[in-house]
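All chains are named by letter (A, B, ...) in the order of the sequence lines, taking the proteins before the strands, and each is independently numbered beginning at 1. All values below were derived from every heavy atom in this structure, side-chain atoms included, with hydrogens, water molecules and symmetry-related copies excluded.
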Protein chains: 2
Amino acid sequence: MGLEFPLKIDKSVVKSFPMFERMPDADVDALLSQAVSKRIGPGEAFFEQGGAATHFFLLLNGRLKVTQVTADGQQIIVRVVHPGDLFGFAKALRRSDYPGTALAVIESLALCWATELWPQFIDRSPHLAVSALNTIGQRLEEAHTRIREISTEEVERRVAHTVLRLTKQAGRAEEAGVRIDFPITRQDIAEMTGTTLHTVSRILSAWEAKGLVEGGRQKLLVRDIAGLQALADSDGR
Amino acid sequence: MGLEFPLKIDKSVVKSFPMFERMPDADVDALLSQAVSKRIGPGEAFFEQGGAATHFFLLLNGRLKVTQVTADGQQIIVRVVHPGDLFGFAKALRRSDYPGTALAVIESLALCWATELWPQFIDRSPHLAVSALNTIGQRLEEAHTRIREISTEEVERRVAHTVLRLTKQAGRAEEAGVRIDFPITRQDIAEMTGTTLHTVSRILSAWEAKGLVEGGRQKLLVRDIAGLQALADSDGR
DNA sequence: GTGTCTCTTTGATCGAGAGCAAAGAGCGGA
DNA sequence: TCCGCTCTTTGCTCTCGATCAAAGAGACAC
């Protein structure tokens with residue numbers, strides 16, 4: 001089942017996350033004492049779409065994609081989960097099942113709390129309730145941004161925005177540019193932008209020819225952030 | 001400036017909204033004593049995109065559309081605000097300006113609180129904090145649904161889903177069917193579905209020919225909910 | 001009533017991007 | 001080292017829906 005209890009180790013990691021950094025040590029200890037940690041490998045999931053929402057989670061390290069599958073089998077990537085993000089909780093409040101699947105793209109470690117602990121979790125610290133609201137508010141804003149992009153922008157600009165967002169959220173500086181710090185396929189990018197892997201591949205090839213990015217199997221290195229930004233900002237003309 | 005203080009009248013209305021119905025009278029009174037009510041007419045806005053987020057609001061009656069305008073002037077409708085909805089608050093938590101414009105489509109009345117009162121607002125009742133989280137969680141879910149629809153469905157199904165959602169949120173039963181209970185243009189529907197008014201018009205005309213809906217200037221009556229639902233569910237085949 | 005808006009309808013054209021097909025290419029396993 | 005799998009690239013075709021254009025048609029003011 002992959003359960004572990006390395007709570008001593010986790011504490012410093014947890015305290016390094018913005019959401020917890022101002023929380024008194026005693027409160028952090030109390031929260032951690034109720035948590036279980038769970039490690040899963042790439043391709044495994046913390047929870048699956050439609051499954052009973054028994055737990056909510058905090059990602060300590062690794063990387064997840066939250067996907068939704070439509071009735072007719074099409075998949076989209078709702079968001080990417082980075083270390084320090086809470087996940088699997090937005091819905092634990094209102095509904096009893098998970099609206100998506102949280103799939104690890106690399107080996108990932110998360111803390112798990114039983115859903116029933118949620119009220120306690122936010123009571124523990126008023127600051128945390130506000131943090132949770134902020135987090136989810138931010139996520140809502142991102143979702144609206146994405147709706148706006150999908151509704152009004154042509155594919156190339158959407159892909160540019162998505163890639164830029166990924167560099168901000170998961171970029172690692174290298175000599176040649178900024179690398180997306182986890183394995184990502186053309187298909188993934190397609191599912192984040194509402195297009196097909198073919199179109200993404202064509203676009204990335206064109207960018208590579210212009211020296212904007214450097215591709216590779218499940219790899220992406222952005223060589224010219226400013227150039228890509230210019231492309232994303234240009235209003236279609 | 002359109003400010004009024006009909007707080008006696010408001011109280012019963014406020015208490016009829018799900019978010020407040022379990023709140024003790026004293027708490028409701030306390031909240032209302034800090035509120036100002038404001039009435040605006042169609043075409044006016046409670047706040048504008050980019051303006052300083054000085055207040056958050058509760059819609060008592062009327063109907064609003066929250067819009068965002070892109071850099072190149074394209075507009076989308078982020079959501080429709082119905083009586084009983086909080087609005088203009090998601091961002092008051094994290095950012096200092098409003099991310100969209102809250103435009104009245106009919107004469108509308110809202111309660112207004114200064115942004116600084118928000119912490120007090122949620123402290124007033126733990127139940128309210130949970131309600132706020134639920135509300136915003138629900139909104140996030142809706143946003144994801146919309147992203148999924150725009151990403152994977154062709155226009156006709158998206159319009160069907162949007163119209164069905166409107167009948168649920170703002171439908172009024174009539175002999176001939178369910179009427180969308182506020183003035184809505186083809187352009188509005190286009191901005192909710194990420195298409196153009198031309199395409200929406202063509203689709204509605206086709207539906208009218210099939211007896212599914214009945215159109216009119218800024219009017220829409222759904223005659224056959226089930227038929228429309230079938231159309232929305234059919235997976236493109 | 002008449003004029004003037006704004007909203008709606010419908011036709012015709014055109015292009016972005018989906019869908020289909022098939023050939024590379026990196027990577028892990030035996 | 002070779003095989004097989006998955007991911008990627010590229011060409012071709014075709015369709016959905018955007019765009020352009022212009023003609024109705026409610027609603028409201030005068």
Report the distance from atom [atom1] of [X] to atom [atom2] of [N], rounded to the nearest whole Å.
X	N	atom1	atom2	result
A:Q218	D:dT9	CD	C1'	16 Å
A:L197	C:dA18	CG	P	10 Å
B:R158	D:dG17	CZ	P	7 Å
B:D72	D:dT19	CG	P	11 Å
B:I203	D:dC16	CD1	C1'	11 Å
A:R157	C:dG17	CZ	C1'	17 Å
A:I150	C:dA18	CD1	P	12 Å
A:Q187	C:dA18	CD	C1'	13 Å

* Which listed nucleotide (C:dT10, C:dT8, C:dC20) is nearest to the side chain of B:S205? ->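 Closest nucleotide among those given: C:dT10.
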* What nucleotide among C:dA18, C:dT10, D:dA27 has an atom nearest to a side-chain atom of B:K219? ->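 Taking heavy atoms from C-beta onward, the closest nucleotide is D:dA27.
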* Do B:R202 and D:dT19 share a donor-acceptor pair, side chain to base, under 3.5 Å? ->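 Such a pair is found, so the answer is yes.
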* Answer yes or no: side-chain N or O of B:H198 and base N or O of D:dT19 forming a donor-acceptor pair under 3.5 Å. =>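 Check fails, no donor-acceptor contact within cut-off.
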* Quick one: label B:S201 by what it contacts on the DNA or RNA (base, sugar-phosphate, nothing), any heavy atom closer than 4.0 Å. =>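 Base, at least one base heavy atom under 4.0 Å.
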* Asked: How is B:R217 classified with respect to the nucleic acid when contacts are heavy atoms under 4.0 Å: base, sugar-phosphate, or nothing?
  ->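 Contact class for B:R217: base.
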* **Donor on one side chain, acceptor on other, B:E191 and B:Q187, under 3.5 Å** =>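 The answer is yes; a qualifying pair exists.
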* Without hydrogens or angle criteria, can the side chains of B:H161 and B:E153 be said to hold a donor-acceptor pair below 3.5 Å? ->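 Yes, because at least one side-chain N or O of B:H161 sits under 3.5 Å from a partner of the opposite role on B:E153.
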* Parallel, tilted or perpendicular, as decided by the 30° and 60° cut-offs, for the rings of A:F46 and A:F57 ->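 Tilted, since the angle between the ring planes falls between 30° and 60°.
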* To do: Check whether any side-chain N or O of B:T199 sits under 4.0 Å from OP1 or OP2 of D:dC16, and answer yes or no.
  =>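 Result: no.
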* Side-chain ion pair, B:E107 and B:R39, N-O less than 4.0 Å ->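 A salt bridge is present here (some side-chain N lies under 4.0 Å from a carboxylate O).
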* Upstream residue (5' side of DNA chain C) when A:E156 and B:G216 are each assigned their closest nucleotide ->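 Upstream on the strand: B:G216.
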* **Heavy-atom side-chain proximity of A:V13 to A:N61 below 4.5 angstrom** =>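 No, side chains not in contact.
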